[in-house]
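Side-chain atoms are counted along with the backbone in the values below, which use heavy atoms only and exclude waters and symmetry mates. Quantities reported herein were computed from a predicted structural model and do not represent experimental measurements.
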Amino acid sequence: MPPRTQVQEPIPHFAAVSDPAFLRTMHSVFEGDVQPGHSIRTLVNGDEIFPPMLSAIREAQVSVNFVTYIYWSSEIAREFATALAEKARDGVPVRVLVDFVGAIPFDEDTIKIMTDANVNFERFRPIHWYTLDRINYRTHRKLLIVDGKIGFTGGVGIGDQWLGDARNPEEWRDNHYRVEGPVVADMQAAFAENWIEATGEVLQGDQFYPEAEEAGDLRVQHVKSSPNGGAKSMHQMLMMAMAGATENIRIAMAYFVPDDVAIAQLLQARERGVEIDIIVPGKQTDMPIVRHGSRHFWGELLEAGIRLHEYQPTMYHPKVLIVDEWWTTIGSTNFDERSFRLNDESNLNVYDGVFAKTQIDLFEADLSLSRQVTLEEWQNRPVWEKTKDWVWSWLRTQL
């Protein structure tokens with residue numbers, strides 16, 4: 001069983017997310033400073049996501065560091081392996097870290113492309129008899145850092161499911177982000193935290209942490225969590241953000257299985273008059289058991305007037321939460337107890353109305369392709385569906 005979250009009750013509202021007092025509080029509570037000087041490019045679906053990532057790898061001059069949960073045997077996996085191998089042959093140090101569980105369907109031929117070129121390839125927390133006590137603690141971080149200056153993060157994994165533009169059920173819908181500015185050093189530190197555990201190597205010096213250069217106008221904060229050190233911070237961060245809502249909360253989430261505190265936090269916001277919309281996968285999902293476990297808890301939310309929408313065209317995989325058209329968090333974290341209490345995660349908080357508007361526009365586009373679930377529909381679902389929802393809800397901490 002995972003450790004309990006530090007936050008056991010909903011956090012009271014004290015200031016809006018746009019209030020300088022909220023920013024100062026978030027800056028002080030979490031390790032990641034709120035820093036100006038960033039640019040973030042939003043990449044939508046595989047057709048926009050993969051080319052900039054591959055281009056950054058091919059143009060690297062100093063270092064390439066890559067950690068991901070999913071690296072599945074596939075066409076895009078081989079393309080990434082080839083690009084990483086070519087860069088390693090050019091003499092640029094390349095480190096690749098994949099989660100052992102997340103990358104189980106990974107053929108040795110793809111790995112060999114990299115290792116034959118001296119890519120430093122490692123699996124995170126491989127399963128042995130003497131590591132069974134850690135089998136449930138995975139790294140879910142998705143970080144690519146090139147030359148210590150360019151970072152990528154978001155929801156995408158390395159698999160053919162993400163290819164295309166979400167035009168059919170075979171092409172998943174997702175967001176990823178290209179980042180420049182001082183916060184890339186914090187993203188590098190999150191990679192380095194996983195890397196030292198896997199290899200014992202300490203990453204230090206200018207090749208990993210070059211002098212920070214401003215790249216834009218965005219104020220950004222990096223927040224990371226780990227069950228070995230501060231796993232509760234991601235849960236607390238999200239609860240504090242929702243406590244700061246005064247107008248809207250928009251949640252676009254691949255896996256939405258809130259704990260009791262998160263449900264109470266949402267209900268408290270709704271009592272203050274906050275409009276809340278949540279988009280989750282519909283029947284086109286890779287994890288039907290998560291959908292069942294989630295639906296069991298929708299009653300209170302729907303009764304309170306919180307709107308739940310199921311995305312229809314394909315698997316919905318973004319991980320975005322927007323508060324009041326001002327504050328946005330992006331990265332690897334799902335709205336579930338696995339992300340809150342079990343996984344290593346990495347997110348960027350963006351304090352900017354213009355950036356929030358770009359994410360709201362994407363949210364509204366997804367909303368137009370989603371079906372709203374009514375309270376009446378939820379109450380009248382078949383007995384067999386209710387039973388499955390109830391059964392899987394008992395595994396909420398593991399979903």
Side-chain angles (χ1 to χ4, degrees), residues 43-46 49 69-70 72 102 140 142 154-176 238 249-259 262-263 266 276-299 301-302 306-322 329-340 343 345 347 359-360 362-375 377-378 381-382 385-386 388-393 395-399:
L43 310 171
V44 181
N45 300 329
I49 292 169
Y69 178 71
I70 289 176
W72 293 337
H140 193 246
K142 300 172 179 68
V156 79
I158 307 303
D160 285 353
Q161 289 83 346
W162 281 273
L163 290 173
D165 193 24
R167 293 165 293 201
N168 56 64
E170 283 68 50
E171 300 177 357
W172 287 9
R173 167 74 184 89
D174 213 339
N175 296 340
H176 220 62
L238 293 175
I249 295 174
R250 296 175 173 92
I251 299 173
M253 207 58 57
Y255 308 108
F256 176 81
V257 191
D259 65 355
I263 290 173
L266 287 164
I276 302 174
D277 287 279
I278 302 167
I279 305 177
V280 296
K283 292 182 180 180
Q284 301 289 346
T285 176
D286 68 325
M287 294 290 287
I289 62 174
V290 174
R291 182 170 180 251
H292 283 298
S294 174
R295 286 196 305 181
H296 179 74
F297 301 101
W298 289 5
L301 303 176
L302 292 168
I306 293 171
R307 294 180 290 269
L308 282 143
H309 313 264
E310 291 188 326
Y311 191 75
Q312 298 299 296
T314 185
M315 171 60 188
Y316 193 67
H317 205 258
K319 307 162 196 313
V320 181
L321 192 151
I322 313 156
T329 191
I330 56 178
S332 64
T333 304
N334 289 302
F335 204 97
D336 60 15
E337 295 210 53
R338 177 158 288 278
S339 280
F340 294 161
N343 290 340
E345 302 284 5
N347 266 42
Q359 305 310 298
I360 291 168
L362 283 173
F363 186 92
E364 294 296 328
D366 291 339
L367 204 61
S368 71
L369 298 173
S370 302
R371 184 183 65 84
Q372 185 173 346
V373 179
T374 66
L375 176 60
E377 176 189 342
W378 181 85
R381 67 198 192 283
E385 290 293 311
K386 291 181 179 179
K388 288 191 290 185
D389 294 350
W390 175 78
V391 169
W392 288 113
S393 74
L395 293 179
R396 174 164 62 170
T397 61
Q398 306 300 316
L399 296 178

### Nearest-0.5 Å distance, CZ of residue R295 to CZ of residue R381
6.0 Å
### Task
Give, for atom CG of L43 and atom CG of N175, the distance between the pair rounded to the nearest 0.5 Å.
9.0 Å
### Task
Identify whether the distance between the nearest side-chain nitrogen and carboxylate oxygen of D277 and R307 falls below 4.0 Å.
yes
### Query
Out of curiosity, D336 CG to F256 CZ, how far, rounded to the nearest 0.5 Å?
10.0 Å
### Query
Is it true that K319 and D174 make a salt bridge, defined as a side-chain N closer than 4.0 Å to a carboxylate O?
no
#### Entry: Ring-face cation contact, Y255 with R338, 6.0 Å cut, 45° max
no
### Query
With a 4.5 Å heavy-atom cut-off, do L301 and L266 have their side chains touching?
yes
### Query
Say you draw a straight line from CD1 of I289 to OG of S393; how long is it, rounded to the nearest 0.5 Å?
12.0 Å
#### Entry: Short side-chain to backbone donor-acceptor contact, T314 and R173, under 3.5 Å
no
## Note on the structure
Shortest non-hydrogen pair, G164 vs N45, comes out as O-CB, 3.7 Å
### Query
Is any side-chain heavy atom of E171 less than 4.5 Å from a side-chain heavy atom of M315?
no
### Shortest non-hydrogen separation from S370 to H309 and the atoms involved
CB-CB, 3.8 Å
### Task
Answer whether the closest heavy-atom distance between the side chains of Y311 and V280 falls below 4.5 Å.
no
### Query
Of the non-hydrogen atoms in N347 and S332, which two are nearest, and what is the gap between them?
OD1-N, 3.2 Å
### Heavy-atom pair with the smallest gap, counting every atom of P313 and Q284
O-CG, 4.1 Å
### Task
Kindly indicate, with the supporting measurements, whether the criterion side-chain contact (heavy atoms from CB on, under 4.5 Å) is fulfilled by F363 and I279.
CA-CA 8 Å; F363 186 92; I279 305 177; 3.6 Å; yes
### Message
With heavy-atom distances below 4.5 Å as the criterion, would you say the side chains of F335 and V257 are in contact?
### Response
no
### Task
Indicate the atoms forming the closest heavy-atom contact of H296 with W378, along with that distance.
O-CZ2, 3.7 Å
#### Entry: Spatial distance of atom OG1 (T285) from atom CE (M287) [nearest 0.5 Å]
7.5 Å
### Query
For the rings on W162 and W172, is their centre-to-centre separation under 6.0 Å?
yes
### Query
Would R396 and D259 pass as an ion pair if we require N to O under 4.0 Å?
no
### Query
Does the side chain of I322 reach to within under 4.5 Å of the side chain of I360, using non-hydrogen atoms?
yes
### Query
Could you give the distance from CG (N343) to CG (N334), rounded to the nearest 0.5 Å?
8.0 Å
### Message
Pairing donors with acceptors under 3.5 angstrom, does anything connect the side chains of E337 and T397?
### Response
no
### Query
Okay, side chain of K142, backbone of H140: is any donor-acceptor separation there less than 3.5 Å?
yes
### Message
Minimum heavy-atom separation for L302 and L375, please, with both atom names.
### Response
CB-CD1, 3.9 Å
### Sidechain-backbone polar pair: W72 side chain, G102 backbone, donor-acceptor under 3.5 Å
yes
### Task
Kindly determine whether T329 and L238 satisfy side-chain contact (heavy atoms from CB on, under 4.5 Å), including the steps that lead there.
CA-CA 9 Å; T329 191; L238 293 175; 3.9 Å; yes
### Query
Heavy atoms, side chains only, cut-off 4.5 Å: are K283 and R291 in contact?
yes
### Task
Answer yes or no: is there a side-chain heavy-atom contact under 4.5 Å between E364 and R250?
yes
### Query
Can you tell if the side chain of I278 reaches within under 4.5 Å of the side chain of M253, non-hydrogen atoms only?
no
#### Entry: Over 12 foreign heavy atoms within 6.0 Å of CH2, W298
yes
